[in-house]
Amino acid sequence: MEKAESKNQVFISGWVLALTALVGTGLMAGVNWHSQPYIAENERQMLIRSLNTVIPPQSYDNDILHDTTTVNDPGLLGSKQASLVYRARKGSEPIAAALTVIAPNGYSGPITLLVGIDYNGEITGVRVVNHHETPGLGDGIEKRRSNWIDAFTGKSASNPGEAGWKVKRDGGNFDQFTGATITPRAVVGAVHKALIFFSQNRAALFGDDQPGAVVEKSMSVN
Amino acid sequence: MSLSSSLNILKQGLWTNNQALVALLGLCPLLAVSSTAINGLGLGVATMLTLMLTNLIISAIRRWIRTEIRIPMFVIIIACVVTAIELLMSAHFHELYLILGIFVPLIVTNCAIIGRAEAYASKNSVIHSTLDGLFMGLGFTLVLVILGIIRELVGYGSIFRGADLMLGEWAGRLTITVFPHYDGLLFAILPPGAFMGLAVLIALKNKIDRVKAARTQEINSVQVGLEARS
């Protein structure tokens with residue numbers, strides 16, 4: 001009798017726990033269903049805003065978020081995974097492209113960069129998307145910490161040329177930070193490689209006439 | 001609810017049973033995010049809101065929580081609250097989310113929340129529990145901000161840097177440069193600085209408590225002496 005009673009108790013506890021998990025999961029599904037469209041819209045806005053920091057918004061008039069192509073070049077872009085390239089056009093003229101580049105040799109792991117390059121191979125802007133560099137030393141690569149990253153704007157593969165694409169300590173044209181050379185060295189190297197990649201693949205980058213093909217595919221999966 | 005009982009909860013949360021200095025709970029987020037005063041404030045406020053909400057919910061359903069399954073139920077409830085906060089913040093306060101967002105998942109690693117659920121919310125009324133969440137969170141926030149100020153002062157020579165990122169453009173003027181042309185002491189900003197800073201704060205609190213205790217003992221013995229003489 002007593003045994004049956006305690007067995008009963010175990011079952012009640014089990015059911016209460018299962019019910020809690022069920023209610024919790026249900027609530028989370030509801031909150032997720034409510035938030036998802038807002039979050040997607042917010043993220044779209046953020047993406048446009050960050051693209052506009054590397055490509056001036058008045059220079060193009062296409063729907064840049066849906067004019068994309070994928071690239072994959074671990075040697076020059078630093079990532080084993082394919083990444084999206086956003087293409088800016090005015091009318092049918094190609095204007096610029098925004099590439100995601102990874103500098104694998106940061107002081108504390110990889111540094112992710114967004115590099116805007118115009119059709120002539122000149123940099124329109126660079127921003128650090130993600131990094132783990134030492135606060136106070138290496139984080140000067142962030143725009144909100146210093147203007148160092150603006151030094152790239154207007155540069156190209158031939159200006160300052162192969163020898164100039166290094167930090168000053170290595171005999172190049174770009175400043176390093178006091179106490180931090182590795183971080184700027186990694187960023188300068190990655191931006192230079194992005195320029196080389198762009199000059200090698202320019203025709204292919206803008207030639208693929210399937211605007212939005214990749215984005216559409218990923219949306220239908222969702 | 002009487003005033004004295006809420007004052008007692010206030011005292012417990014801020015001093016006697018301070019989650020960071022006495023219970024030593026929630027050290028993982030505490031040490032990770034206290035590199036500046038503003039970061040500390042961000043994590044503190046997020047933790048306080050979560051603690052109030054989880055205490056409220058757990059206290060409200062405490063009669064249905066069976067003893068043998070209480071811990072998994074606390075875990076489910078806390079995980080749900082934190083997830084909901086993160087999703088809703090990302091949807092409706094995206095700017096704030098970009099700044100506080102990294103702190104919100106850190107709250108899950110804060111043992112103080114499950115600690116309060118177990119020690120207080122599962123045994124007390126809804127109002128008391130919410131108040132407990134508020135004051136325990138406030139005590140935690142205060143330690144975070146003070147530790148942030150110490151580390152920032154030693155590490156960067158300033159206070160409240162980055163305030164504009166959290167509170168808007170106007171707050172940029174809040175940044176006070178205490179030592180101009182200061183090269184900074186990296187040690188204070190990196191994790192070892194957090195351990196040292198927290199150790200100093202705990203030692204300071206223990207010292208104050210000891211001095212206080214010695215003084216009351218002295219007064220008591222003087223009184224006893226006076227009584228004996230009379």
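All chains are named by letter (A, B, ...) in the order of the sequence lines, taking the proteins before the strands, and each is independently numbered beginning at 1. Model, not experiment: these values are computed from the prediction.
- A heavy-atom distance below 4.5 Å is found between the side chains of A:Val16 and B:Met73.
- A 6.0 Å sphere centred on CE of B:Met196 holds no more than 12 heavy atoms belonging to other residues, nucleotides or ligands.
- To the nearest 0.5 Å, atoms CD (A:Gln9) and CZ (B:Arg66) are separated by 4.5 Å.
- Atom CD of A:Gln36 sits about 7.0 Å away from atom CG of B:Leu87, to the nearest 0.5 Å.
- The part of B:Ile76 that comes within reach of chain A is its side chain, from C-beta onward, which places non-hydrogen atoms under 4.5 angstrom from that chain.
- For chain A, the nearby part of B:Ile189 is the side chain; its heavy atoms alone come within less than 4.5 Å.
- Atom OH of A:Tyr107 sits in a sparse spot, with 12 or fewer heavy atoms from other residues, nucleotides or ligands closer than 6.0 Å.
- Taking each heavy atom of B:Leu190 and A:Thr134 in turn, the nearest pair found is CD2-CG2, 4.4 Å.
- For the set A:Gly14, A:Gly24, A:Ser13, the count of heavy-atom pairs under 4.5 angstrom toward chain B peaks at A:Ser13.
- In terms of heavy-atom proximity, A:Ser35 sits nearest to B:Leu88 at OG-CD2, 4.0 Å.
- Heavy-atom distances place no part of A:Glu41 under 4.5 Å from chain B, backbone and side chain included.
- For A:Asn42 (side chain) and B:Ala91 (main-chain N/O), a donor-acceptor pair under 3.5 Å exists by modelled atom type.
- Contact annotation: the side chain of B:Thr83 never approaches that of A:Val31 to less than 4.5 Å [non-hydrogen atoms, C-beta and beyond].
- Between B:Pro72 and A:Leu17 the shortest heavy-atom distance is CB-CD1, 3.9 Å.
- Taking chain A as the reference chain and counting heavy-atom pairs below 4.5 Å, the highest number among B:Ser90, B:Ser35, B:Gly155 is found for B:Ser90.
- Sparse packing is recorded around NZ of A:Lys193, with 12 or fewer heavy atoms of other residues, nucleotides or ligands lying under 6.0 Å away.
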